[in-house]
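Structure first, commentary second.
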Amino acid sequence: MINRLAASMILILCIVLLTGCWDRHELSDRVFDLAASADLRDDGTYLTAGQFIIPSRIEQGASGSEKSYYIETGEGKSILKSIQGVRQKLSRTIARGHRHNFYIGEKLAKNGIEDMLDVFSRDPGNRIRLDIWVVKGNTGLEALKVLYPLEKIPSVASNKIYKAVGGTVGKSYLDFLMASSAEGSCPTLPVVDIVQGASPQETIRFYGRAIFNHDYKLVGYLNFVEGAYRQWILKGISYLEVVEDIPEGDGTVGVIVTNFRSKLKSSITSEKKVKMDITLSGVGLINENNTNLDLTQLHNWKLVQNKINKSNSEHVLEMITKVQKQYGTDVLGFNEVLNRQHPIKWKELNRNWDNIFPEIQVTVNVHIKLKQIGLVGPSLQFKEREIKK
Amino acid sequence: MSTAQNSSSNLTDSALNDPISKSLETNELIIKTIFQNCYDIVFRRIQIYGQINTLLVYLDGLVDTKALDNILIKPWMLETPRPGLGELNSADLLLEQQLVSIAKTKTTGTMGNIVQGILSANVVILSDGVDHAVIADLKGFEDRAIEEPIAEITIRGPRESFTENINVNTSLLRRKIQSAKLKMESMTIGNLSKTTVVIAYIEGIAKDSILEEVRNRISQIEIDTLLGGNFIEEFIEDHPFSLFPQVQNTERPDIVASSLAERKVAIFIDGTPFVLIVPFTFWNAFQSADDYYERFIYATLIRWLRMLLVTTSLFLPSIFVAITTFHPQLLPTMFLLSITSAREGVPFPAVIEVLLVEFLFEGLREAGIRMPKPTGSAISIVGALVIGQAAVQAGIVSAPMVIVVSLTGIASLVTPRYSMGMAFRMLRFPMLICSGMFGLYGITMATIFLLIHLTNLESFGVPFLSPLAPLSRSELKDVLIRAPRWSMHTLPLSGSTRNKMRIPRTNREPRR
């Protein structure tokens, strides 16, 4: 009996002990990098950098001149080799579980980021809800170095800016992998650039979207509004301002759009031409009216709404044409639409998708429904006779 | 010396079975021999109305001497016999039926009963020429009054608790259940202490198998002194080596009454204000008496809070250690950073640090119970200052750790059953060691082993986790929730029962 008990205890202990995991590290033996960067240097080697938190400077009220982080770099002919270079200078093991942002220099992006992605996806300690940023016209290291005044740890800034302007945070790494592995589509990444802020120091700015081709090489950018239109089509946006000229009222009207919906309808003609009807809808709140129109009047209100929808449709179409003709990469999810709506024909189409995509006939209809005009009808600064009823 | 004692005790043992002699002198001699060297024994010889030679024997301090004076001695010595008393010398029944004006008496013919009668605070009356003795109940020892319960406090419930006197205790129960179906079986346990033990149950409601088991197990107890509930508890438990108590103890008559109505069996023990109730299941530990005195919605919410806090008391320190040392990616970034900065410069690993603070906390808690009352303020000052302030400032422990341990300490005090709280308090430490070695994996392993143990436990044939495991749907109304009273139609611990219904089903439809 005793022997059996002892034997079963030992067996149970084996189950517990033989899993082979022993990843115990005290917090004081770990260093957390909240952001990192990778760049390609002129001699073809990689330069990686991490923004490491200094725990003793995080404490409450310890703000001021002392920064609560520092940047360490390493170089090598592969990403892992360059990380080794970083580790040679660190007294603690790197914990990547809290890395929200990763910056890629433009040069590396143009050269292709295939090698880097493998390192990312292989490491179990890596965070899947990571945002990878392309730094337009600069290196990732410079983006790490920017002192962002609002945040104690500046690297969280790009993430929070993106969230504040209406984007979806924490998905770009995942989306990138999904888009690369899906048939036909091309991956994208969000873009930041470094600009001179109003204050003497440089600041970080959310720029838009970077488009990659099938070889994971950067082919071009969409700016902020274009990127937002794209997200509108892909249902990944929550807030957008649009400002359009209203010639009838000698001025512009600015609208905040919310409640975004998009509907894509594809059709294949007998000559194997693909057509795509895109309907984008949303709810608009008028926030700016520089025209002399009195928006409480129904015909004025209709005029503005039609005008805004018309010019927005044109802008969206311009963006799509740019993607189709200039970049030739399907970053708009058309492949998925066709796959779903014409599953049988898609099997033929997908082999030749890169040639078909630029030739798709696209029609865009934007339906922004103006729901609120704000507190006033006409602008208050106008005199009574200047207002167009 | 020792041989002399042995011989005298042998002599008294044999004398116990002897019948009472008709000679008062002989009887007095025998009793005096038995109670040799007992300074508190009193022999009082009087003549009733100057005619009957009588001997009163009692233990000083146990008998109400004032009543003895007024009821027996004064009338017998100072008054003349009432007319119609008959021949005073002849009748032995006369003594009991006409002369001893005390409610509870009995006659006996053996010396052993006399001795037991004396020891259990009675007055024994022997008279010349009669081979019977009258044992009259004149208990008059000092007693604690019925006070408010100390360990099981309620807001709206009754404010009475049991005392050390078993007669008071059974009367408290009888006042709650005024039914002849409430049965109380008495027995005496303890070779030396001769403690009265009463098994209380409600006939027709109590589950027969449990009752039989209780009777059986209690009658088998061989013990010299029986001074408290735990003396019996340890004998009758199913699993004496388990950390979890399988017998409930309470100081509240209302809890006993409601348990009996729920088919349980109670065990009263003389000399302790705690009554044992069997069977006891895991979920009973979360049922406070106040759950039934408050409205059911509050009671349910409070019960959930209690369960959450008990889980906290078991897991919080180990989860803290596991997450900070194995899985820091699970914490929100900013939270992690503040913990990291607080732990910076702490010399010990997290698990050692928790053990250190827990050790100090447990020490303080034990000191708080054991310390003499006047030193109480010193302990709290030392505890609050030394642990709370100085240890953190000196950088020996980190502030989050103190928060975790104090939260755990508070959480471990919410169990309405103190003994169950103790089980969780103990289990925290193995859990902590598992998490310190293996992280969340270790916690999961330890929890699985704990659950296996819990499902294996049973209390008097009732599975410890029932009615959840094994599932019995009709009994779930008082486990995870406290359903309204009018909806609890059936009795718990069902199965083979003659009377499953507790209240009629159409008792109350919710009013619209």
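This structure is a prediction, so every number in the text was calculated from the model and none was measured. Chain A is the first sequence line, chain B the second, and so forth, proteins listed ahead of strands; every chain is numbered from 1.
Here the NE2-NE2 distance, from A:H25 to B:H327, works out to 12.0 Å after rounding to the nearest 0.5 Å.
Looking at every heavy atom in both residues, B:L331 comes nearest to A:H98 through O-CE1, 2.6 Å. Nearest heavy-atom pair across A:P55 and B:S341 is O-CB, 2.9 Å. Contact record, A:G97 with B:Q329: CA-CB, 3.7 Å, taken as the closest heavy-atom pair.
Contact check on A:R30 versus B:E344 returns no salt bridge, with no Lys/Arg side-chain nitrogen under 4.0 Å from an Asp/Glu carboxylate oxygen.
Summarising the local packing, CZ of B:R215 is surrounded by more than 12 heavy atoms from other residues, nucleotides or ligands at distances under 6.0 Å. Heavy atoms from other residues, nucleotides or ligands lying under 6.0 Å from OH of A:Y70 number more than 12.
Formation of a donor-acceptor pair under 3.5 Å by the A:E26 side chain with backbone atoms of B:A350 is found in this model.
Of the listed residues B:P328, B:A322, B:G345, B:G442, the one with more heavy-atom pairs under 4.5 angstrom with chain A than any other is B:P328.
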TODO: Check the pair B:L337 / A:I53 against side chain to side chain contact (heavy atoms under 4.5 Å, CB included), numbers first and verdict last.
DONE: CA-CA 8 Å; B:L337 289 183; A:I53 302 302; 3.8 Å; yes
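Using a 4.5 Å cut-off between heavy atoms, A:I54 makes no contact with chain B at all.
Between B:T325 and A:L27 there is no side-chain heavy-atom pair separated by less than 4.5 Å.
Side-chain contact, A:H100 with B:T333: a donor N or O sits under 3.5 Å from an acceptor N or O.
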